[in-house]
Amino acid sequence: MMDKHLVDNIKHISLSLFNKNFFSVYHGSISARVSSYGFIINSKDTILDEVTEDSLVRLDCEKRDYRWNMASSDAHIHEHIYKNIPNAKYISYTMPPYATAHSLKHGKVSPADFYGKKILGEIMVYDPKNIDDWLERAPYEIPQFFQKHDTHLLLVKGFGLISYDRDITDMAKKISILENSCKLLALSANL
């Protein structure tokens, strides 16, 4: 049985991110560390506006079993972040539309709004170059990026946003602030 408070937190944040269009019906993932080598993550069939205990899979990084086949296809990215970033308690992969669109044309996000500047500062856009093998490289390159840069947000060109934090609410706030900053940049470009 999973910790009810943990499941409720994931359920609440996942619904909020889904309602903001940061998750699509089958794109995106959210997880929480539950031990040194274990985490829970949404299953591959979970629609992220309806997360329940039954839609979460508990995985052990030291033991591959049938549950890995049930988990989100992003499980290996989450696994490698948890293995390499000790202070990662929660991880999400989202596709906020304005931030993802911004990543297609720019090498960084330079927020012009108050909260974006104050809380996030400049966010680099990571270009994976060859998209044909990105999904094989992502589990290794994403943790390396986080180890080299002082940030909890990785905006990948055309792919979306990988984020982690110690607090699930803080993680969701940073995702929302980044998306709002990109939305304001897009809207102000037409003024």
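Count residues from 1 along the sequence.
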- Residue pair Leu161 / Val156, side-chain heavy-atom distance below 4.5 Å: no

- Query: Counting N and O atoms only, with roles assigned by atom type, does the side chain of Ser176 sit under 3.5 Å from a partner on the main chain of Lys173, one being a donor and the other an acceptor?
  - Reply: no

- Between Leu6 and Ile40, does a side chain to side chain contact (heavy atoms under 4.5 Å, CB included) hold up when you go through it step by step? CA-CA 10 Å; Leu6 187 63; Ile40 57 175; 3.8 Å; yes

- Check ion pair Lys174-Asp170 (N to O, under 4.0 angstrom): no

- Take atom OH in Tyr115; do more than 12 heavy atoms of anything else shown fall under 6.0 Å from it? no

- N/O donor-acceptor pair under 3.5 Å between Thr46 side chain and Asn42 backbone: no

- Query: Backbone N or O of Met2 within a donor-acceptor pair of the Glu53 side chain at under 3.5 Å?
  - Reply: yes

- May I ask you to test the Leu59-Glu79 pair for a side-chain heavy-atom distance under 4.5 Å? no

- Message: Side chains of Lys157 and Tyr126, heavy atoms from C-beta outward: is any pair under 4.5 Å?
- Response: no

- Item | Closest non-hydrogen atom pair between Ala88 and Arg33, with its separation | O-NE, 2.8 Å

- Task: Output yes when a side-chain donor or acceptor of Ser55 lies under 3.5 Å from a complementary backbone atom of Val51, and no otherwise.
- Result: no

- Message: Is it the case that atom CD1 in Ile131 sees more than 12 heavy atoms from other parts of the structure closer than 6.0 Å?
- Response: no

- Short side-chain to backbone donor-acceptor contact, Asp165 and Ile168, under 3.5 Å: no

- Message: Applying side chain to side chain contact (heavy atoms under 4.5 Å, CB included) to Trp134 and Glu141, what does each step give before you reach the verdict?
- Response: CA-CA 9 Å; Trp134 168 242; Glu141 290 183 25; 3.5 Å; yes

- Item | Joint cluster assignment, Ile175 & Val125, ILVMFWY side-chain distance < 4.5 Å | yes

- Just by distance, do the side chain of Ser103 and the backbone of Gly158 share a donor-acceptor pair under 3.5 Å? yes

- Message: Check whether Arg166 reaches the backbone of Met171 with its side chain - one donor and one acceptor, N or O, closer than 3.5 Å.
- Response: no

- Message: Counting the benzene-type ring for Trp, do Tyr90 and Tyr164 have ring centres under 6.0 Å apart?
- Response: no

- Message: To the nearest 0.5 Å, what is the distance between CD on Gln144 and CG on Leu154?
- Response: 11.5 Å

- Task: Assess whether side chain to side chain contact (heavy atoms under 4.5 Å, CB included) is satisfied between Phe22 and Asn19, documenting all intermediate values.
- Result: CA-CA 7 Å; Phe22 298 170; Asn19 286 339; over 6 Å; no

- How long is the span from the CZ atom in Phe159 to the NE2 atom in His27, to the nearest 0.5 Å? 7.5 Å

- Are any of the side-chain heavy atoms of Ser163 and His152 separated by less than 4.5 Å? no

- Task: Verify the cluster assignment for Met124 and Ile142: are they in a single hydrophobic cluster under the rule of side-chain heavy atoms below 4.5 Å apart?
- Result: yes

- Going only through I, L, V, M, F, W and Y residues with side-chain contacts under 4.5 Å, is there a path from Ile123 to Ile85? no

- Message: Could you check whether any side-chain heavy atom of Phe18 comes within less than 4.5 Å of a side-chain heavy atom of Ile47, counting everything from C-beta outward?
- Response: yes

- Item | same_hphob_cluster(Val34, Leu56) at 4.5 Å side-chain heavy-atom cutoff | yes

- Can you establish whether the number of heavy atoms outside Lys83 located under 6.0 Å from its atom NZ is more than 12? yes

- Taking all heavy atoms of Glu122 and all of Ser110, pick out the closest pair and write down the distance. OE2-OG, 2.9 Å

- Note on the structure: Taking every heavy atom of Thr94 against every heavy atom of Leu17, the minimum-distance pair comes out as CG2-CD1, 4.2 Å

- Between Asp113 and Gly116, is there a donor-acceptor pair closer than 3.5 Å when you use the side chain of the first and the backbone of the second? yes

- Note on the structure: Only residue of Ile10, Ile41, Ile91 satisfying side-chain contact (heavy atoms from CB on, under 4.5 Å) with Ile30 is Ile10

- Heavy-atom donor-acceptor pair, Ser181 side chain to Ile177 backbone, under 3.5 Å: yes

- Item | Enclosure of Lys89 NZ (heavy-atom neighbours >12, cutoff 6.0 Å) | yes

- Shortest non-hydrogen pair, Pro139 vs Leu135, comes out as CD-O, 3.4 Å

- Query: Between His78 and Phe39, what is the ring plane arrangement, given parallel below 30°, perpendicular above 60°, and tilted in between?
  - Reply: parallel

- Message: Rounded to the nearest 0.5 Å, what separates atom OG in Ser29 from atom CG in Leu48?
- Response: 8.0 Å

- Compute the ring centroids of Phe23 and Tyr93, then answer whether they are less than 6.0 Å apart. no

- Rounded to the nearest 0.5 Å, what's the gap from CG on Asp65 to CZ on Arg67? Could you check? 4.0 Å

- Task: Run the numbers on Asn130 and Arg137 for side chain to side chain contact (heavy atoms under 4.5 Å, CB included), then give the verdict.
- Result: CA-CA 10 Å; Asn130 182 7; Arg137 292 182 292 120; 4.2 Å; yes

- Message: Do Tyr98 and Leu155 sit in one hydrophobic cluster, given that two such residues count as connected whenever their side-chain heavy atoms are within less than 4.5 Å of each other, even indirectly?
- Response: no

- Flag the pair Leu178 / Val109 as yes when at least one side-chain heavy-atom distance between them is below 4.5 Å, and no otherwise. yes

- Is there a donor in the side chain of Asp8 and an acceptor in the side chain of His12, or the other way round, less than 3.5 Å apart? no

- Do the non-hydrogen side-chain atoms of Asn84 and Phe146 ever get within less than 4.5 Å of each other? no

- Task: Side-chain contact test, heavy atoms from C-beta onward, threshold under 4.5 Å: evaluate it for Ile81 versus Ile162 and give yes or no.
- Result: yes

- Query: Would you say the side-chain atoms of His102 pair up with the backbone N or O of Lys108, donor to acceptor, closer than 3.5 Å?
  - Reply: yes

